[in-house]
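Here is the structure we will look at.
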Amino acid sequence: MNSELVFYLATKTNLCEKAVTECISDMNIRLNPAKYATTPSKLGELVIDAFERAGILFIVGGLTSFDSKGIENVLSRALAGKDPDDVKKLKNPFSPYDGYLVRKGSQLMIVLPDDPDAVRAIMTSELESYLIDFTFI
C-alpha cells in the first residue's frame with residue numbers, strides 16, 4: 001500500500017522521516033517522498049493530493065501550535081460535519097503532545113509529533129497492529 005508523508009510546521013524532519021521509514025519497513029507500506037507545508041491551506045492541498053495517490057497519510061508536526069495554524073484546529077475545521085469511521089488519540093510517552101489517527105473507509109491519516117523518539121514509541125505501540133490490520137482491508 002502506498003503512503004504519503006507530510007511535514008507540517010515540523011522540526012527534526014530528517015530524523016522523523018527516518019523514524020517513520022524504520023517503523024513501516026516490515027509492513028506492506030511504501031512511503032513516497034516527503035512533502036512540506038507551513039500553512040493550513042498548503043496542508044489542505046497536500047492532504048487532498050495525498051489521498052488521490054495513497055491510502056495512508058502520515059502528518060508529522062503542528063501539535064505544539066495552539067493558534068489557528070495548529071494541527072488540532074486545522075483537523076477540527078476539516079472534519080466538521082464529517083463522520084469518520086475511527087478516531088483515536090495516540091499517547092505520546094515523551095511529552096503531552098499526543099498523536100491522532102483518523103480513518104474514513106480505505107483512507108487513514110496519522111498525525112505524529114515532530115520528535116523521532118515519540119514517532120518510534122507511538123508507531124511501535126498500538127499503532128503498529130492497527131497499521132498491519134489496515135493494510136489488509
Side-chain angles (χ1 to χ4, degrees):
M1 175 174 282
N2 284 329
S3 68
E4 294 281 326
L5 173 61
V6 173
F7 289 105
Y8 179 61
L9 304 175
T11 60
K12 304 177 188 174
T13 55
N14 192 30
L15 296 172
C16 289
E17 183 172 7
K18 183 177 178 183
V20 170
T21 302
E22 288 170 0
C23 290
I24 65 170
S25 65
D26 292 335
M27 299 178 203
N28 186 28
I29 300 173
R30 292 172 302 285
L31 189 63
N32 293 330
K35 309 237 178 351
Y36 302 85
T38 57
T39 65
S41 60
K42 182 63 177 177
L43 177 62
E45 289 172 28
L46 292 176
V47 168
I48 291 167
D49 290 345
F51 282 130
E52 289 178 0
R53 291 186 301 276
I56 301 173
L57 170 61
F58 296 96
I59 299 175
V60 175
L63 291 166
T64 59
S65 181
F66 298 103
D67 60 9
S68 62
K69 288 177 123 182
I71 193 75
E72 290 178 344
N73 289 324
V74 172
L75 287 178
S76 292
R77 289 191 308 269
L79 295 173
K82 309 277 190 302
D83 192 19
D85 297 326
D86 200 4
V87 177
K88 292 181 184 262
K89 189 175 256 193
L90 304 168
K91 296 304 276 176
N92 177 357
F94 295 100
S95 78
Y97 306 113
D98 295 325
Y100 296 92
L101 173 149
V102 180
R103 181 181 64 82
K104 178 70 174 174
S106 62
Q107 296 179 321
L108 179 64
M109 180 184 338
I110 299 164
V111 180
L112 299 165
D114 57 347
D115 174 337
D117 293 329
V119 167
R120 282 185 189 90
I122 290 170
M123 289 191 63
T124 57
S125 63
E126 64 186 291
L127 187 55
E128 183 175 30
S129 62
Y130 194 101
L131 281 171
I132 290 170
D133 291 343
F134 182 79
T135 58
F136 290 107
I137 290 178

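In this chain, residues are counted from 1 in sequence order.
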Does [X] share a hydrophobic cluster with [Y], counting links as ILVMFWY side-chain heavy atoms below 4.5 Å and allowing steps through other members?
| X | Y | result |
| --- | --- | --- |
| Leu43 | Phe58 | no |
| Val60 | Phe66 | no |
| Met109 | Met123 | no |
| Leu112 | Phe134 | yes |
| Ile132 | Leu31 | yes |

Legend entry - Sole residue of Val87, Asp85, Leu79 in side-chain contact (heavy atoms from CB on, under 4.5 Å) with Lys104: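 The passing option is Asp85.
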Legend entry - Candidates Leu90, Leu63, Ile59, Ile110 - the one meeting side-chain contact (heavy atoms from CB on, under 4.5 Å) with Tyr100: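 Running side-chain contact (heavy atoms from CB on, under 4.5 Å) over Leu90, Leu63, Ile59, Ile110 with Tyr100 returns exactly one hit, Leu63.
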Inset, instruction - Would you check, one step at a time, whether the test side-chain contact (heavy atoms from CB on, under 4.5 Å) holds for Asp67 with Asn73? - result: CA-CA 7 Å; Asp67 60 9; Asn73 289 324; 5.6 Å; no
List the atom of [X], the atom of [Y], and the distance in Å for their closest heavy-atom pair.
| X | Y | value |
| --- | --- | --- |
| Gly99 | Ile122 | N-CD1, 4.2 Å |
| Leu46 | Ala37 | CD1-CB, 3.8 Å |
| Val102 | Pro84 | CG1-CB, 3.9 Å |
| Val119 | Pro113 | CG2-O, 3.4 Å |
| Pro40 | Ser68 | CG-O, 4.2 Å |

Inset, instruction - Without swapping roles, check the side chain of Asn92 against the backbone of Tyr97 for a donor-acceptor pair under 3.5 Å. - result: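 Yes; judged by distance alone, with no hydrogens or angles, the pair exists.
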Legend entry - Check: Gly105 main-chain N/O paired with Arg103 side-chain donor or acceptor under 3.5 Å: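 Checking the backbone N and O of Gly105 against the side chain of Arg103, a donor-acceptor pair under 3.5 Å is found.
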Inset, instruction - Can you tell me which residue pairs pass the side-chain hydrogen bond (donor to acceptor under 3.5 Å, both in side chains) test with a partner in residues 55-64, sequence neighbours excluded? - result: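 Every pair satisfying side-chain hydrogen bond (donor to acceptor under 3.5 Å, both in side chains) with a residue in residues 55-64: there are none.
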Nearest 0.5 Å please: distance from the [atom1] atom of [X] over to the [atom2] atom of [Y].
| X | Y | atom1 | atom2 | answer |
| --- | --- | --- | --- | --- |
| Lys42 | Lys35 | NZ | NZ | 9.5 Å |
| Leu75 | Lys82 | CG | NZ | 12.0 Å |
| Leu101 | Leu127 | CG | CG | 6.5 Å |

Legend entry - No-hydrogen, no-angle side-chain donor-acceptor test under 3.5 Å, Tyr130 and Asp86: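 Per modelled atom types, Tyr130 and Asp86 side chains form a pair under 3.5 Å.
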Do any side-chain atoms of residues 5-13 form donor-acceptor pairs under 3.5 angstrom with protein atoms, and if so which ones, sequence neighbours left out?
| from | atom 1 | to | atom 2 | distance (Å) |
| --- | --- | --- | --- | --- |
| Tyr8 | OH | Lys69 | O | 2.5 |
| Thr11 | OG1 | Asp114 | OD2 | 3.1 |

Let me check something: any side-chain donor-acceptor pairs from residues 48-57 under 3.5 Å, sequence neighbours excluded? List them with distances.
| from | atom 1 | to | atom 2 | distance (Å) |
| --- | --- | --- | --- | --- |
| Arg53 | NE | Glu4 | OE2 | 3.3 |
| Arg53 | NH1 | Asp49 | O | 3.4 |
| Arg53 | NH2 | Glu4 | OE1 | 3.4 |

Inset, instruction - Please step through side-chain contact (heavy atoms from CB on, under 4.5 Å) for the pair Cys23 and Glu128, ending with a clear verdict. - result: CA-CA 8 Å; Cys23 290; Glu128 183 175 30; over 6 Å; no
